[in-house]
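Worksheet for the structure shown next.
Below, chain A is the first sequence line, B the second, and so on; all start at residue 1.
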Number of protein chains: 2
Amino acid sequence: MLDLRRLEILERFANRGTITATAADLGYSPSAVSQQLATLEREVGIALVERTAQRASLTDAGRELAEHAARILAATETAQSRMRARTGAISGRVTISCIPALAPFLAPRLATLQRQHPELTVVAHETGSTTAASGVLDRRYDLAVIDDWSAAPPPAGNGLAVHHLRREEIVLAVPADHPLARNPVPVTAARLREAVHSHTWLCAPVGRLSRTAGDQRLAAVNATPGRRWEFEGLHVLAALVATGAGSAFLPTGIVHDQPGVTGLHLAPRMHRDILALNRTTTREDPAITTCLGAAREAIRRAPAGRVDPSAEPRR
Amino acid sequence: MLDLRRLEILERFANRGTITATAADLGYSPSAVSQQLATLEREVGIALVERTAQRASLTDAGRELAEHAARILAATETAQSRMRARTGAISGRVTISCIPALAPFLAPRLATLQRQHPELTVVAHETGSTTAASGVLDRRYDLAVIDDWSAAPPPAGNGLAVHHLRREEIVLAVPADHPLARNPVPVTAARLREAVHSHTWLCAPVGRLSRTAGDQRLAAVNATPGRRWEFEGLHVLAALVATGAGSAFLPTGIVHDQPGVTGLHLAPRMHRDILALNRTTTREDPAITTCLGAAREAIRRAPAGRVDPSAEPRR
DNA sequence: ATCCAGCATCAGTTCTCCTTACGCTGAGTT
DNA sequence: AACTCAGCGTAAGGAGAACTGATGCTGGAT
């Protein structure tokens, strides 16, 4: 009879790649992981791990067994969730990831939740959207609040349940003394091209969703930045805009926080979606659904911001 | 993290109904089963077992968790089979059930197998077809050789892999000095009706497949036995026919063994199928497939019997 | 009234599993 | 070439889990 704990160790090792990292993830010592993997190999009677002095990697058999393990673990998680749904108990440990920009709004709600349910332990992390999504899938997080800058519908059908929390408008953020700020009308392709070309362009490092989406938008209108600065964090970008350092694409909620920054509608409009993710296996877990509700509420109440009313076309 | 062993205990308990029987099945003491179930309840935080002084039964939650457990255990069995398929090792314990009439032919082959593969342990039981089929499903047996008297195609799609080993003809077995035996032509409906009515009818107890199929055949030709005797075991029935006690429907292989018995073709013909069953989860396990091959071979070589050639119509 | 089957509890022993400590290897660095 | 460090494995020890056997209880059957 295979042991679930060993299978979990194997599956985690398949995701992480080193014994040390696996051990850290699961709260074991590396030695324990090594021993458990060795035991598992003995049990199934076939080599699962290729061992070098400073590197261990999975064999084909190990990879396959890890895939089986993932299925088995998903089934047990479903069973556990169903049982917890029956008790209705809001308890246990829920690990949540949130994109940094929204974490300050989420955290107080989670704290309240934890006060209301002493049996519940919430562990919150700040993570980017892409790593958070895969982190939910491989059980590093149970719940993730992410943003999605793509116009495409959210990913689905791969074991992730997606919940739409909010849609935010993305505006062109310029310093308050920028020429465009004086004439706050929606920024057309031509205006955008001109503004980007004549000003420093502020954006996130390559790989961020906001960067990818922004670059796509610039490419669509054939705009090439005169100069490009890369900074981490949307709030940082907003602060830089405020100092007159350049312009950027930013969500209204973030522009709103920052005095000295004017947000201008884009024509056509641009958006990002705030989504929550959890595994479908935990869909019925009361602890998860409660945390999800708290996140939904928190994001709903986070300041949405508003651009200069005169730039807001009436319809 | 739920424990697989506990889940197995729960699932087995769901099938057996008592703690004592569960313990016997799994090779534990009843005390251990009781304790493990209690631990499992504590872990999931909900009552799974309703305890009376001398009866324990599952709650709704317990039944549901048992169903989850069955799925999980099936997944692990699949994983294990895949791993064993990779090693190709013919080892471990394989529990086989065989209908009594064929067990003598199967046993020597299994003994040979065990001699060839010292790592392999074969545990053989003799069981009727219906209990054997459910026994395979709930993991009391890994492999079962059964007979199927129904004209219907074998059951499938419920987790059982069905293998057709042989088709045997069912003949009307009469004492050698029976009037019909002197004129060995296929027994039509009219002749059958007459023979059954004027002679004692020998058959298995109610519930046996052979009994059900035989009764259906009799009902189809509107034949009512003058007198009916019920005995357990096809060989026993054959022996009774030999003493002139009555007539019966019997497979050719069994008639063949028994001197003093004449087998007469039925018109239309009647058959039973010899099938082997195993769980689809063990489909790839080399130990299982090897045992299955041995069974196939054993049944193929078992005496098929032949009725009086003059009764065999040429085509 | 007695017996018996079935279950729970308790104490004890065995065995599993994790941690700590230590040694090894190979790559990058000084 | 020596050093440093990350990663892995093994050995020993201790904590905890789990099984067994004994005991006691309950309710139905003899």
Do any side-chain nitrogens or oxygens of Thr18(A) fall under 4.0 Å of OP1 or OP2 in dG7(D)?
no

What is the separation between atom CD on Glu41(A) and atom P on dG9(D), rounded to the nearest whole Å?
9 Å

Could you check whether Ser29(B) gets within reach of a base, just the sugar-phosphate, or nothing at all, counting any heavy atom under 4.0 Å?
base

Look at the side chain of Thr52(A) and the base of dT25(C), then say whether one donor and one acceptor between them are separated by less than 3.5 Å.
no

Step-by-step side chain to side chain donor-acceptor pair (under 3.5 Å) determination, Thr22(B) to Tyr28(B)
CA-CA 8 Å; Thr22(B) 306; Tyr28(B) 295 130; over 6 Å; no

Using the side-chain hydrogen bond (donor to acceptor under 3.5 Å, both in side chains) rule, pick out the option among Thr78(B), Asp138(B), Asp142(B) that qualifies with Arg279(B).
Asp142(B)

Among the nucleotides dC7(C), dT20(D), dA12(D), which one has an atom lying closest to any side-chain atom of Gln35(A)?
dA12(D)

Would you mind classifying the nucleic acid contact of Ala56(B) as base, sugar-phosphate or nothing, using non-hydrogen atoms under 4.0 angstrom?
sugar-phosphate

Choose from dC8(D), dC18(C), dC17(C) the nucleotide whose nearest atom is closest to any side-chain atom of Arg6(A).
dC17(C)

Tyr28(A) has an atom OH; how far is it from atom P of dG16(D), in whole Å?
15 Å

Please state whether the base of dT20(C) and the side chain of Ser31(A) form at least one donor-acceptor pair under 3.5 Å?
yes

Check this for me: does any side-chain nitrogen of one of Asp25(A) and Arg139(A) sit under 4.0 Å from a carboxylate oxygen of the other?
no

Sidechain N-carboxylate O distance under 4.0 Å for Arg211(A), Glu230(A)
yes

Any base atoms under 4.0 Å from Gln36(B), or only sugar-phosphate, or nothing? Heavy atoms, all strands.
sugar-phosphate

